[in-house]
Amino acid sequence: MTLRLFNTLTGKVDELAPADGKALRMYACGPTVYDYGHIGNFRTFLEIDVLRRFLLLTGVPVQHVMNITDVDDKIIRNAAAAGISIQEYTAPFEKAFLEDLDTLKVQHPEQMARATEHIDKMVELIQKLAEVGAAYQTEEGSWYFRLSAFPEYGKLSKKDLSGMEDGARVDVDEYEKDSARDFALWKAAKPGEMSWDTPIGRGRPGWHIECSAMSMEYLGPSFDLHTGGEDLMFPHHENEIAQSETVTHQTFARHWMHVRFLLVDGRKMSKSEGNFYTLRDLLLKGYKASSIRMALISVPYRHQLNFTFEGLVDATAAVERLRTFADRLATGKFDEGSNDELQAAAKKARADYMDALANDLNTADARAPIFELVRAANTAIDKGELRSGDRDAIQLVLKDFDAVFDVLVDTDAEATKRALAWAEQAGRMNEVAPDLLARQGLSDETIDALVAERTQAKQQRNFARADQIRNELAEKGVVLEDSKDGVRWKRK
RNA sequence: GCGCCGGUGGCGAAGUGGCAAACGCGCAGGUCUGCAAAACCUGUAUUCGCGGGUUCAAUUCCCGCCCGGCGCUCCA
């Protein structure tokens, strides 16, 4: 099964397969580690995780490289304001970012590359550009890319810049540029700023050059796929193409994937709107990591996602339904044999699921057959018609579902504990939702003991006491389920 | 302003030129249960932003308008 993925470069859905027939070489624009990641950032990384996991599920090995931008204007400014080095400033945010990826079960790329550790590669690339006349240095020592050296500029974002008036938008600080649209490759050192002493002068890299240098370093001059948020299409990716192809004369990345932005409550997410959330904000509000993952990947990457707290609650319920079912299947006792209808249903569900994902990663469509199978199987279990062979067949479907969605295994409590530990250490306990704290105070052992007491009360037909215990637990977010096989409890 | 994308039930959201408009959540009623929960069943858009057009037939194609978003500047 080959993935059909929209390609920004060609403007249509193209098949995505490794050019070398072995591993799919992909470069994903990563974070600038100047702050904690917000849910918009993570929507992009989650959608790329879906892509990566689907490729792996279809048997395509992946060579996935992601940059970590640990030097840029904001970092330099913030580090200076804090009176620390940029390394000291970015290290905790990088650590937090990786921890957040783990919280959301985003698989790590095969290779992560820090910009500051590849300065030499960037300098080499700028030198090559200078050799062919595509880069020039200004009097104050900055280097710029000469846009006129790359006639294909605009081919990714489909922009025709020929009509653009040179000089229409000249920034007063950049008056030395030959053309207003020429972009910075290297910024000359300013007094007191972090800089590197290199053959092309003392300074620091422009933003775009790192991705060209590092992708070529790890993936070669031409590779299969380049990804990022939709905002990066222009100018970042366009600039990467110009820098790279001017030197290599090869197609930089053959396939480009851009993830759509999300909205929050139907509005653009922004700090000034007051609808800006980091992952940690949500965890401290008491939402589960799995709910966030499910909510963010349930809308296909090419569509705008409207993030709401109601949507998060919906996702929680959806995940709960799946987990309850998976548990029912795993712990139930079923007769030997198999049921033709269920075997067929499982087969169809798996095929529909794979087809939906192969169709430009349509995650919304992919969920449907899974839920349909859950209903069919639940019905069969209720009627006593599900056999052990059916359980096995359905579990295989769930396994493939979870190979991409990864919400069935419950690690939410650990993620929340980690967030709380961070809040404690960062002095942010005041941001923690009170009911989350109340729930944390209840240990599994205490719950088990109360459940046992309730069971005893029930056996003595002391329903008043039994209900009292159930209500107490419910107030602390613990839900009980009585069944023939005993009592199950779960934290909401 | 220019370019691009979207506007489907109470909410999220899939989808198609024409058979009953997926799926999830929610809500109402029922089965089960000591009562719940879970699970199942039934119901929940004669309708797909608004106005025109093309067509035997449009939510699906075309035009205009309104609304939201993105890009044109740093941004996932």
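For the numbers below, each heavy atom of this structure counts, side chains included, while hydrogens, waters and symmetry mates do not.
In the displayed structure, A:Lys158 atom NZ is contacted under 6.0 Å by more than 12 heavy atoms of other residues, nucleotides or ligands. Enclosure of atom NZ in A:Lys476 is not indicated, since only 12 or fewer non-hydrogen atoms of other residues, nucleotides or ligands lie within 6.0 angstrom. Other residues, nucleotides and ligands contribute over 12 non-hydrogen atoms within 6.0 Å of the CD atom of A:Glu481.
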Fill in: Where protein sits on nucleotides 21-26 of chain B, one letter per nucleotide: B base, S sugar-phosphate only, - none, heavy atoms under 4.0 Å
-BSBS-

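Atom-to-atom, CG of A:Asn41 to P of B:A76 comes out at 5 Å; the value is rounded to the nearest Å. The interatomic distance linking A:Asn306 (CG) with B:G6 (P) rounds to 17 Å, in whole Å. As rounded to whole Å, 12 Å separates atom P of B:A14 from atom CZ of A:Arg302. The CZ atom of A:Arg267 sits 15 Å away from the C1' atom of B:G6 (whole-angstrom rounding). Distance A:Leu262 CG to B:C5 C1': 16 Å, rounded to the nearest Å. Whole-Å rounding puts the A:Arg461 CZ to B:U33 C1' distance at 12 Å. Put simply, CG on A:Asn378 is 14 Å from C1' on B:A37, counting in whole angstrom units. Per the geometry, CG belonging to A:Asp467 stands 11 Å off P belonging to B:C35, to the nearest Å.
Within 4.0 Å of A:Lys383, counting heavy atoms only, lies no atom of the nucleic acid at all. Residue contacts shown for A:Val259 are absent, as no nucleic acid heavy atom lies under 4.0 Å away. Here A:Gly40 lies in heavy-atom contact (under 4.0 Å) with a base. Within the 4.0 angstrom heavy-atom criterion, base atoms lie near A:Arg454. Residue A:Pro31 is classed as having no contact, given no heavy-atom separation below 4.0 Å to the nucleic acid. Nucleic acid contact class of A:Leu263 (heavy atoms, under 4.0 Å, all strands): sugar-phosphate only.
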Practice prompt. Kindly indicate, with the supporting measurements, whether the criterion salt bridge (Lys or Arg N to Asp or Glu O under 4.0 Å) is fulfilled by A:Arg454 and A:Asp482.
Written response: CA-CA 11 Å; A:Arg454 173 173 170 272; A:Asp482 294 338; 2.9 Å; yes

Fill in: salt bridge (Lys or Arg N to Asp or Glu O under 4.0 Å) assessment of A:Asp412 paired with A:Arg491
CA-CA 10 Å; A:Asp412 293 323; A:Arg491 293 176 191 268; over 6 Å; no

Worksheet item: Step by step, would you call A:Phe45 with A:Phe97 a ring-ring contact (aromatic ring centres under 6.0 Å, His included)?
Response: CA-CA 11 Å; A:Phe45 296 118; A:Phe97 173 73; 5.2 Å; yes

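Nearest heavy atoms, A:Tyr27 versus A:Ser215: CD1-CB, 3.4 Å.
Between B:G18 and B:A39, the distance separating the two C1' atoms is 38 Å to the nearest Å. As rounded to the nearest Å, B:G53 and B:G26 have C1' atoms that lie 39 Å from one another. For the C1' atoms, the distance from B:G64 to B:C25 is 37 Å, rounded to whole Å. Between the C1' atoms of B:A45 and B:U59, the separation comes to 11 Å (whole Å). Taking atom C1' in both B:U60 and B:G17, the straight-line distance is 6 Å, to the nearest Å. Across the P atoms, B:C11 and B:C19 are found 25 Å apart, a figure rounded to whole Å. Rounded to whole Å, the separation between the P atoms of B:A14 and B:U54 comes to 31 Å. Nucleotides B:G29 and B:A38 have their P atoms positioned 15 Å apart, rounded to a whole Å.
One finds a salt bridge joining A:Asp73 and A:Lys187 here, because a Lys/Arg side-chain nitrogen approaches an Asp/Glu carboxylate oxygen to under 4.0 Å. A salt bridge does not link A:Asp390 with A:Arg387: every distance from a Lys NZ or Arg NE/NH1/NH2 to an Asp or Glu carboxylate oxygen is 4.0 Å or more. A salt bridge is defined here as a Lys NZ or Arg NE, NH1 or NH2 lying under 4.0 Å from an Asp or Glu carboxylate O, and A:Lys74 with A:Asp35 fails to meet this definition.
For B:G69, the OP1/OP2 oxygens have no side-chain nitrogen or oxygen of A:His303 closer than 4.0 Å. OP1 or OP2 of B:C70 has at least one side-chain nitrogen or oxygen of A:Lys268 nearer than 4.0 Å. Distances shown here put a side-chain N or O of A:Trp207 below 4.0 Å from the OP1 or OP2 atom of B:C75. Note on A:Asn362: every side-chain N or O is 4.0 Å or more away from OP1 and OP2 of B:A14.
Of the listed residues (A:Phe234, A:Phe183, A:Trp186, A:Trp143), just one forms a ring-ring contact (aromatic ring centres under 6.0 Å, His included) with A:His208, and that residue is A:Phe183.
Counting only heavy atoms from C-beta on, A:Asp382 has its side chain closest to B:C40 among B:C40, B:A76, B:A38. Side-chain proximity of A:Pro235 to B:C35, B:C72, B:G68: nearest is B:C72. Counting only heavy atoms from C-beta on, A:Arg260 has its side chain closest to B:C5 among B:C5, B:U73, B:C35. Closest approach to the A:Asp231 side chain among B:A13, B:C35, B:A76 is made by B:A76 (side chain taken as heavy atoms from C-beta onward).
Where A:Ala464 and A:Glu230 each meet RNA chain B at their nearest nucleotide, the meeting point lying more 5' is that of A:Ala464.
Between A:Phe45 and B:A76, no base-stacking contact is recorded for ring centres under 5.5 Å apart and planes less than 30° from parallel.
A:Arg43 contributes no side-chain N or O that forms a donor-acceptor pair with the base of B:A76 under 3.5 Å.
Nucleotide B:G71 has B:C2 as its partner under the Watson-Crick or G-U criteria, with both atom distances under 3.5 Å. Base pairing analysis places B:C48 opposite nothing; no Watson-Crick or G-U wobble pair with both distances below 3.5 Å involves it. With both pairing distances under 3.5 Å, B:U42 is matched to B:A28 as a Watson-Crick or G-U wobble pair.
For RNA chain B, no neighbouring residue in residues 100-116 of chain A is found when judged by any heavy atom under 4.0 Å.
Cation-pi check for A:Arg43 over A:Phe307 is not met; the charged atom does not lie both under 6.0 angstrom from the ring centroid and within 45 degrees of its normal.
Of the possible polar contacts, one joining the A:Thr331 side chain to the A:Asp327 backbone as a donor-acceptor pair under 3.5 Å is found.
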